Amino acid sequence: MRKEKDYQYIGKELSNDMSYGKVTGNVKYCGDMQSIGMLHMKLKPSTIAHGYIKNIDISEAESVEGVKAVYTYLNTPDTEFDRGRVANYENVPYQEKLFNRHIRFMGERVAGVVAVSEEIADYACQKIKVEYEELPTAITVEDALKVDAVKIHKEGNICVVPEINYGDYDGCVAENYHKSKTHMGRITHLTMETHASRALFEKSTGKLIIWSPCQTAFGIRSTIADFFNMPYSKVRVIKAVMGGSFGCKQETILEPLTAYAAIHLKADVKLVFTREEQIINTMLKHNADITVESKIHKDGIIEGLSVSAVLDSGAYQTITPSYTSTMGGKLGKVYRLSNLHYDGKSVCTNTPINGSFRSWGSCEIALALENHLNLVAEEMKIDPIELRLKNVKNEYEMDIIKKVPIGNAHFKKCLIQGRDAFEWEKRKKECEEKNKSVRYRYGIGMAVSSHTSSFYPYMVDMANAAIHLQEDGSLIVNVGIHDHGCGTVLAMKKIAAEVMEMDIELIELGEVDTEVSLYDYGCYASRTVYCLGNAVKHCCEKLLVKARTVASIALQCNDRHLIYEDGVFYKENNPKLRIDLKGVSKYCITVMGEDVYETYSYNASEGPGVPAAHFTEVEVDTFTGMVRVVDCLSVHDIGKAINPEICRGQVGSGIQQGIGIALCEDIKIHPKTGKTLIDNLKNYEVTNAFDMPDYKTIFIEEEEENGPFGAKSIGEVVVVPVAPAIVAAVNHALGTKLTEAPLTPSVILEALYEEN
Amino acid sequence: MKLNFILNGENMNIDVPGERRLLDFIREDLHLTGTKEGCSVGECGACTVILNNKAIHSCMTVVGQLEGGELITIEGLEKNGELDAIQKSFIKKSAIQCGFCTSGMVMTAKALLFSNPHPTDEEIKKAISGNLCRCSGYKEIKESIKDAAYNSNKEES
Ligand code: FES
Ligand code: FES
């Protein structure tokens, strides 16, 4: 194989896959798909937060011209499913139905209309009359935890997850004890593409075909096929081009609805959510309350840590118990801890459902833990970076919870390089200087964190590839990939092109289609590059072994005497004796009577950590309470960057979302009525191009031993350390001890008021 | 109403209700689905098209406003198989990830360069402040627009 210095593709800047199609508007996202006779679905939202449907009158809606069907709980199956189930062996809380008589949050679907156009479906929805019998509500977590709280589900409102205990937190002793509480608000993922799904019942074959911009085509397939009691082979899920996910397209939300209508009407049915529907009726990022306690020696060494998390699941538990439990599992990744305790609860409320968000708990843990350590540093008068340097893990140390090494992970390098590049000490002094002004205060803050590259040891992380050499020497790679738009298809092509030493333009690699792809769990846990990348790499290597055997037979020489270079095998001492991949295919098919293809299943039994540190400076306007990030720096140890430019783009996206979490994004829900108060982009504050601060990125590209070309992961970790660094910077600027997010102007003003 | 306008360089003569939302007309009647819908309230820029050299939100515009005008959608930028300078720069500078914001961004940038061929960094930032991109920190997008302006100016001089 080529030496690193000779790499043609790995680490080189290439435009993203489908760039031409995207920049010319030719790529078809799910919502863009049109067909003759296509029907459109619209859902009617409830107007109460909790209760039963007493009466639902659909007669007027049914008589609207162009309406094909109206669905309610009365004429659809009672079967329960779970939107969060990504594989059929998963144990999940089955609580959801297509339509339910029991309404559990304001805006929950009570009926669906299918019509010849979206406008007609929408109009007909308005003609449905619903009478409710209201029940008492539990809108806030506090309400839902009360002993006499209304039970939102028969199982009750609370799901306690298994505790994690390592060493003996209660019994351990140190000179200092600290306690902090962090509150984190709800945000919307705000993918530019809202949720969409298309389902077609193909009359000629009796198959159901679903297009979905999803993270787990096989997960959707098993959920749908089990729901309709169909053989998996008769349900085909094709991943549509995705306009962003950040976790919100991990769950199976719209597909059961379009699938039901498609089967019932034997038709092609599309459902595209509006922004408002996406906010209220898909998944939001959890609001959480996390308490952290620590026992710390006077030299700053952490003796023990105890973390207790309460997450609001919204109206259905779905993935929240698992998410809460996963959060505890993140505590073993960053710091060396001898004593650790974690407990968590997932609490059901009468509010929109919360679900998967980029990093699956790393964000929440980082905000609470880093807030805590930043306050500890301040109280103990230790520099926050010093405090981290004393406690972060070294390379290859054990993750005490997962009992696997963290791999070639460089926390200290992230901290030290970041400190130097950000000119931490100099800025600290400058802030003090600048803070002599009355109105504006400046502060700096930092945080460190990590994430994973696979979901080992939750299970052995398997990824499969099948690669087929074509008669002209080009290559078709089959791997069950779900690209979120962040360049994973390009990364796979680069890996294949590098191993095969061939022109990347000769490689075709489509996204997952359950009818033709080998099984894949889906794209989450930042596993794509590490696991699928390894499958592609090893499969290409295996294919080359096969090609070498064919070449040696064709050239009638010992395969050990063959050199492979740029797609050609030649004899070491007689380079004129050569055969290219086209020749290999031809010889194999015509003479040997075989085709040239290989399959490979990669089993990852490691999930290397991806350390990250974020450094930021803020300006706080003490008159208005507005916080502005002046500039910031993210340092990421991601192993070898396969697509460095796109990785940088992702860092920017993480910073943007992190600023949102820390300062402005907040889906507020009325604590009494359960109404979602922020339901479109008019009143949702996001960081646009004008407000986006300058930022710098440093990648530490030390190769991970088992990563494909040394790569690890990037997609999720980018957001993780951003918010706690900003909170710390605000505290530094104001001398406060704030821990909540977002720090909106009213929170800041209140804190300043209390100070005075 | 009977409507006369120019669409991506071609004369159009179409009968369509004047109060139809321009975005629906473009996507559903003309089948030009490159223009996207991201918010429906004029806040995300995904639906941006160019009407009479100005970037407008097609979700906030009715079809009647097209009368006698010239409409350009993302599909109209590539000429004789050659991409517009902005499109080329977006590809070159890795400004495209999921791509859902791309059409709107490119159209906003195009309108900016129509009226201001030498925008400063500040002017670029301001021009695209109504176009949201969630996959990036806008850096690559801003750089692409700058690069495109530089290249177009170079070609002209
Ligand atoms: S869809 Fe028109 S601005 Fe968002
Ligand atoms: S590239 Fe995804 S929103 Fe901009």
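Convention: sequence-line order gives letters A, B, ...; per-chain numbering from 1. Given the structure is predicted, the values throughout are model-derived calculations rather than measurements.
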Interface moiety of B:Leu83 toward chain A, non-hydrogen atoms closer than 4.5 Å: side chain
B:Glu28/B:Arg20 ion pair, N-O < 4.0 Å: yes
Under 4.5 Å from any heavy atom of chain B - which part of A:Phe246: side chain
B:Asp24 versus chain A, the contacting section by heavy-atom distance below 4.5 Å: side chain
Which atoms of A:Thr24 approach chain B - backbone, side chain, both or neither, heavy atom under 4.5 Å: both
Identified side-chain contact (heavy atoms from CB on, under 4.5 Å) partner of A:His614 from the options A:Val651, A:Ile655, A:Val720: A:Ile655
Heavy-atom pair count under 4.5 Å with chain B, highest-scoring of A:Ala689, A:Gly243, A:Ser19: A:Ala689
Segment of A:Leu190 engaging chain B (4.5 angstrom heavy-atom cut-off): both
Residue, of B:Gly76, B:Gly34, B:Gly99, that accumulates the most heavy atom pairs under 4.5 Å with chain A: B:Gly99
Distance, nearest 0.5 Å, that separates CD of A:Gln657 from NE2 of A:His189: 8.0 Å
Side chain, backbone, both or neither of A:Gln650 within contact of chain B (heavy atoms, under 4.5 Å): both
Residue part contacting chain B, namely of A:Gln278, when any heavy atom lies under 4.5 Å: neither
Carboxylate-amine/guanidinium proximity below 4.0 Å for A:Asp694 and B:Lys139: no
Structural part of A:Leu490 lying under 4.5 Å from a heavy atom of chain B: neither
Presence of salt bridge, B:Asp121 and B:Lys142, under 4.0 angstrom: no
Residue B:Thr102 versus chain A: region with a heavy atom under 4.5 Å: side chain
Option in B:Cys133, B:Ser129, B:Ala95 with maximal non-hydrogen atom pairs under 4.5 Å from chain A: B:Ser129
Sidechain-backbone polar pair: A:Asn281 side chain, A:Glu277 backbone, donor-acceptor under 3.5 Å: no
B:Lys92 with A:Glu645: basic N within carboxylate O range, under 4.0 Å: no
Ion pair check, A:Lys682 and B:Glu43, cut-off under 4.0 Å: yes
Segment of A:Val718 engaging chain B (4.5 angstrom heavy-atom cut-off): neither
Region of A:Glu276 in contact with chain B, defined by heavy-atom distances below 4.5 Å: neither
A:Ile10 CD1 to A:Lys494 NZ distance, which is reported to the nearest 0.5 Å: 7.0 Å
A:Met283 CE to A:His195 NE2 distance, which is reported to the nearest 0.5 Å: 8.0 Å
Among the listed options B:Met105, B:Glu75, B:Glu78, B:Glu122, the residue most often paired with chain A at heavy-atom distances under 4.5 Å: B:Glu78
Heavy-atom proximity to chain B below 4.5 Å, by part of A:Ser245: neither
Top contributor to chain B contacts, counting heavy-atom pairs under 4.5 Å, from A:Glu118, A:Met18, A:Glu119: A:Glu119
Contacting moiety of B:Gln87, where chain A heavy atoms sit under 4.5 Å: both
Structural part of B:Val106 lying under 4.5 Å from a heavy atom of chain A: side chain
Pairing of A:Asp691 and A:Arg628 as salt bridge, 4.0 angstrom limit: no
Lys/Arg-Asp/Glu bridge criterion (N-O < 4.0 Å) met for A:Asp268, A:Arg198: yes
Heavy atoms of other groups near B:Lys125 NZ, more than 12 under 6.0 Å: yes
Engaged part of B:Leu77 at the chain A interface, taking heavy atoms whose separation is under 4.5 Å: neither
Heavy-atom contact with chain A under 4.5 Å, split by part of B:Glu140: side chain
